[in-house]
S.K.: 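Here it is, the structure, as structure tokens.
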Amino acid sequence: MNLVFELPQKIRDEIELTGGESIYYAVPIDIGAGGNWSTDSFCVVTTDKLYTFIDGEKISHEINELTKATAEAGVGGGMLVVKKGGEDVLVAHYSSAHMSRYAYIARGINILISGRYEKVESPEYEKMCPHCGRVIPGTKTCPHCSGNGGFFKILGKTIRPYKKDLAWISFLMVMVAVTTLLNPEVQKRLINDVLEKNGSLRTALVFLILMFTLSVAIVLINIGKSIATAKLGSKLSADLRRDLFEKCQRLPLSFINERRPGELLNRITDDTRFVAEFTSDVFCNLFAVFFIFIWDVFYMLVLDWKLALLTFTVVPPVTFFMLYLRKTISRVFRVQNKKNDDVASDLQDVISGMRIVKSYGKEEQEAERFKVLSGQFADIQKRNERFWGMFDFVLSFCMGLGVVIVVYFGGSEVIAEKMSYGELYQFIAYTLLLFQYVGWLGRLPRELSKLKSSLERIYDVLSQEAPEEDPGKVRDINIKGEITFDHATFGYKSYQPVIEDINAVIKPGEMIGIVGASGAGKSTLINLLMRLYETDDGSILVDGVDMKDISRKSYHSQLGVVLQETFLFSGTIIDNIRFSKPDASVDEIIHAAKLANAHTFISKLPDGYNTYVGEKGHTLSGGERQRIAIARAILTDPKILILDEATASLDTESEFMIQKALDRLTSNKTTFAIAHRLSTLKNADRIMVIDDHKIAEIGTHAELLAKKGIYYSLCAAQNLS
Amino acid sequence: MAEDTLNIYEKKAAEMTATNMITREDTFAKTKGGFLSLDCKGTHYDRVRVSRLFPFSDADRYLSIREYGNGDKEIGIIEDLASMSEESQKLIREQLELYYFTPVISRIMSIKDEYGYAYFHVMTDKGECRFAINMGASAVAKLSDTRLIIQDVDENRFEIKDVDQLTKKERRMLDLFL
Ligand SMILES: Nc1ncnc2c1ncn2[C@@H]1O[C@H](COP(=O)(O)OP(=O)(O)OP(=O)(O)O)[C@@H](O)[C@H]1O
Ligand SMILES: [Mg+2]
């Protein structure tokens with residue numbers, strides 16, 4: 001992220017640098033004095049001074065008069081605030097676009113205040129391309145400016161691997177076009193040469209056989225083409241789906257966090273399905289239709305150019321009318337779909353919240369609300385159906401009108417003997433084809449734009465840069481279990497640190513209890529330990545090695561976790577336990593289940609370890625799920641064990657039993673246990689209290705009690721001493 | 001142990017549940033640094049923060065006045081901004097402008113969609129501006145049938161107060177997102 005913008009000459013002139021002073025940071029201020037957008041305001045930090053130029057007004061502060069700089073986040077924007085003479089001073093007001101930038105600037109100013117001269121650099125990527133103004137989809141460079149973007153390039157990239165299929169389909173399309181166009185020609189001959197001129201039965205038979213063969217050929221070629229395109233479509237979408245899925249797994253969690261959960265799902269399922277549909281419904285006809293269309297027009301002109309031109313003048317208004325109707329229809333149906341979604345989600349809401357609805361006795365109220373919604377939906381549907389019913393009639397009427405004109409004028413020509421019967425027949429056949437394909441072509445732009453956005457959404461994911469492990473840099477290690485937090489700082493958003501400057505050394509085999517208020521950042525800290533996120537600043541070392549230099553595979557295989565939200569996959573209990581170690585023997589699994597105090601309840605289930613759990617499966621209680629998760633965590637005999645409220649849903653007796661079991665188990669493992677119930681942490685070697693983004697206290701139970709700090713009052717509140 | 005610690009919790013609980021109303025009696029003043037200070041029931045607060053409890057449905061009522069730092073504790077609530085003195089109203093509004101930046105769109109010049117993003121060129125009450133939204137994410141939120149909040153890729157928020165007030169052409173451009 002750029003922290004040194006090019007300054008306009010006018011502003012540069014106003015900054016007088018003294019000897020040795022240099023400009024460190026220069027970033028735009030996009031909200032001016034009156035709270036309006038501003039384009040020529042800047043905040044400039046030199047080694048000695050902090051300047052702002054807001055709507056032409058210059059203000060400066062000496063860095064050595066300041067004691068602290070903060071980038072405060074508001075709603076939709078933020079402000080840079082410095083402490084000067086004990087008082088907070090507002091320096092700059094900016095929109096969210098610069099929020100992250102100012103977080104780094106504040107960090108930079110604080111470094112200067114402390115008398116050091118390091119320059120802060122931001123590893124984040126820009127969100128908008130400074131050259132073309134387009135959004136950069138999470139990549140380092142703008143795909144448009146670096147020449148990787150563009151619809152046709154993407155399309156080309158997508159279909160390149162399927163050249164053979166494409167060639168075969170193109171050949172079939174040409175064949176379809178040829179046979180379709182040949183048919184009216186043969187029919188004309190039949191009428192002119194046989195019917196009109198009383199030709200022989202033999203020639204009639206020849207024509208009939210020809211027509212029959214053509215018809216059969218059309219059917220056969222079309223079937224072949226449909227099969228080929230359907231195959232291509234499903235192959236294409238399957239490949240895209242696979243790529244998307246693999247990409248999603250490799251992308252950092254923050255990417256998935258930034259999007260609605262349903263959205264990624266849609267990209268993987270709906271967008272790829274649309275690509276398949278497009279291939280089999282639209283693409284397969286694309287060349288054929290163009291080909292037929294051009295020859296159709298050509299033949300009509302050759303047959304009778306005057307009549308052809310006349311027909312062509314009818315085509316545009318009719319086509320426009322048809323397109324207009326279609327557009328209206330798609331709009332009304334969109335409204336209907338939207339309402340349908342509303343009804344469905346309302347229903348889902350009520351059904352999944354049934355217990356709440358019933359316990360508050362609000363059934364009638366909910367029923368009433370639902371009735372209104374469903375009534376609205378019914379009204380819209382009724383109207384749409386009526387509209388839809390009329391649509392086909394209107395459409396055929398329009399096409400009929402075109403044909404009437406052709407028949408009238410063509411008929412006069414035939415009567416005037418300027419045109420043969422056969423030619424008229426052929427002409428009408430071509431006119432009908434024309435209408436058919438013009439309608440189809442009119443739909444094309446919409447289908448294309450839908451394809452475009454589907455492909456774009458797919459490539460938005462595919463073009464994200466997944467952090468790749470450099471096999472030359474990372475290594476496998478056998479973890480002993482010493483963990484060092486070295487100035488570790490992290491926030492889900494760079495301008496809002498959740499944990500700040502965490503420093504601690506955890507000895508191998510130590511059990512650390514983590515306590516702190518809800519939302520203090522306990523789970524966040526262990527998210528870092530699990531390497532779900534990377535530290536923004538500072539580092540975490542395992543046995544003295546920076547975590548980033550250990551291969552993920554080797555690290556994760558020595559890690560056991562039980563998370564706050566127990567997640568079980570749809571599958572059997574044994575599948576769920578085995579997830580952490582697919583090659584575990586049944587004995588190992590039963591042993592792990594026993595340690596987790598889960599064996600007893602599992603063996604009582606009618607289906608035992610084969611009980612189906614997960615979304616639609618056997619409903620287990622919260623504590624039962626937790627015990628399965630614990631079994632899953634300890635199955636691998638991990639070197640580092642992480643328990644985030646792992647026993648919170650258990651009764652005290654089971655918790656006690658599991659603790660006893662875990663005691664034996666955790667003796668040689670570095671364990672991090674988060675708990676609100678302090679009794680859970682009785683066995684912890686040390687307690688870490690997280691408060692206000694930092695480690696507020698760390699030490700043994702006795703040490704912290706003696707300190708009479710936060711832990712002391714927590715114990716008092718829970719009546720422990 | 002420690003009766004006194006239990007007493008602390010009693011006090012904390014009482015503090016947590018009490019609601020203190022801030023009225024004309026309490027005086028706000030602007031600090032040299034551009035923020036707001038408050039004298040309330042004999043206590044002086046160097047800097048306070050104003051936050052809206054109902055930013056969408058009732059932007060000028062139920063304003064929570066909070067301490068700055070010290071756990072951002074709530075000092076009190078202003079039930080209706082209009083009931084405060086002219087001077088206080090002006091100062092508080094100024095702070096709200098600082099903490100809530102939501103330009104209101106008055107005119108849509110163009111909307112172009114490309115590569116999964118839509119590019120807006122609009123006129124707002126804060127001046128002309130251009131922004132981009134992610135079409136895949138839930139960038140457009142409906143507060144009511146006619147009121148919209150649009151969040152751009154930078155997480156800036158834009159508001160459309162009443163879709164019906166837009167021209168037909170503007171509405172058609174927006175159609176894609178409704
Ligand atoms: N994925 C996320 N994206 C953005 N913010 C998050 C995310 N997860 C947590 N937060 C925020 O980070 C802060 C710390 O959350 P965290 O889950 O670490 O708290 P905690 O200490 O584990 O709380 P609890 O005891 O309730 O589990 C909270 O303010 C939370 O809202
Ligand atoms: Mg947590």
Side-chain angles (χ1 to χ4, degrees), chain A residues 31-32 34-38 72 74-79 81-91 93-99 127-128 133-135 137 143-144 149-151 154 258-260 263-264 266-267 331 334 338 449 452-453 456-457 459-460 493 692 712-713 715-717 719 721, chain B residues 1-6 8-9 12 31-35 37 46-47 49 51-52 55 68-69 71 94-103 113-119 124-138 149 151-159 172 175-176 178:
Chain A
I31 305 178
N36 289 329
W37 292 111
S38 171
E72 289 184 19
V75 179
M79 51 208 134
V81 180
V82 294
K83 229 181 176 71
K84 188 177 182 183
E87 189 158 13
D88 285 344
V89 178
L90 173 66
V91 176
H93 186 197
Y94 43 82
S95 77
S96 303
H98 295 302
M99 212 109 106
K127 284 208 181 112
M128 305 283 268
R134 286 182 179 81
V135 177
H144 185 264
F151 173 58
I154 288 181
E258 271 169 25
R259 276 142 240 263
R260 287 179 297 164
E263 189 206 329
L264 276 181
N266 278 348
R267 288 190 191 187
R331 190 160 54 230
R334 225 172 32 222
K338 174 90 188 24
S449 80
K452 192 170 155 226
S453 57
E456 280 167 352
R457 278 201 294 269
Y459 274 89
D460 171 42
K493 302 214 167 85
D692 196 21
Y712 173 80
S713 41
C715 285
N719 269 328
S721 51
Chain B
M1 89 190 184
E3 292 269 293
D4 51 325
T5 24
L6 283 186
I8 290 176
Y9 277 97
K12 270 196 181 163
T31 67
K32 272 204 299 257
F35 294 106
S37 70
D46 280 343
R47 184 179 164 192
R49 198 196 287 267
S51 53
R52 291 183 166 129
Y68 181 78
E94 224 177 81
Q95 293 296 309
L96 286 173
E97 288 277 308
L98 271 184
Y99 280 101
Y100 293 86
F101 185 70
T102 312
D113 69 300
E114 191 184 290
Y115 205 64
Y117 296 92
Y119 297 86
T124 69
D125 61 338
K126 313 271 185 214
E128 185 181 334
C129 86
R130 290 168 190 275
F131 62 91
I133 67 170
N134 184 344
M135 307 241 282
S138 49
I149 292 278
Q151 189 166 49
D152 77 355
V153 290
D154 289 317
E155 292 176 36
N156 280 322
R157 296 168 171 208
F158 296 86
E159 183 178 352
R172 228 191 337 262
D175 242 7
L176 210 63
L178 298 182

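Note on naming: letters A, B, ... go to the chains in the order of the sequence lines (proteins, then strands), and numbering restarts at 1 for each one.
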S.K.: Of the non-hydrogen atoms in B:F35 and A:M79, which two are nearest, and what is the gap between them?
M.R.: CE2-SD, 4.1 Å

S.K.: Walk me through whether A:E72 and B:Y99 qualify under side-chain contact (heavy atoms from CB on, under 4.5 Å).
M.R.: CA-CA 9 Å; A:E72 289 184 19; B:Y99 280 101; 3.6 Å; yes

S.K.: Out of curiosity, B:E97 CD to A:N36 CG, how far, rounded to the nearest 0.5 Å?
M.R.: 9.0 Å

S.K.: Tell me, side chain or backbone of B:E94 under 4.5 Å from chain A's heavy atoms, or both, or neither?
M.R.: neither

S.K.: Quick one: what part of B:P103 sits under 4.5 Å from any heavy atom of chain A, side chain, backbone, both or neither?
M.R.: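 Contact with chain A involves the side chain of B:P103 alone.
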
S.K.: Looking at every heavy atom in both B:T31 and A:E87, which two are closest together, and how far apart are they?
M.R.: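 For B:T31 and A:E87, the tightest heavy-atom pair comes out as CB-OE2, 3.3 Å.
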
S.K.: Check whether B:N156 gets within reach of chain A through its side chain, its backbone, both or neither, counting any heavy atom under 4.5 Å.
M.R.: both

S.K.: Side chain, backbone, both or neither: which part of B:S51 has an atom under 4.5 Å from a heavy atom of chain A?
M.R.: neither

S.K.: Just do the side-chain contact (heavy atoms from CB on, under 4.5 Å) check on B:D152 and A:M128 with the steps written out, would you?
M.R.: CA-CA 11 Å; B:D152 77 355; A:M128 305 283 268; over 6 Å; no

S.K.: B:F101 vs A:W37 aromatic rings, parallel, tilted or perpendicular, using cut-offs 30° and 60°?
M.R.: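 Because their plane-to-plane angle is over 60°, the rings of B:F101 and A:W37 count as perpendicular.
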
S.K.: Give, as side chain, backbone, both or neither, the part of A:V91 having an atom under 4.5 angstrom from any heavy atom of chain B.
M.R.: neither

S.K.: In the structure I gave you, are the side-chain heavy atoms of A:M99 and B:E155 within less than 4.5 Å of one another anywhere?
M.R.: no

S.K.: Work out which heavy atom in B:A132 is nearest to a heavy atom in A:V135; give both atom names and the distance.
M.R.: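 It is CB-CG2, 3.4 Å.
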
S.K.: Heavy atoms only: give me the nearest A:H93-B:L98 pair and the separation to one decimal.
M.R.: NE2-O, 3.1 Å

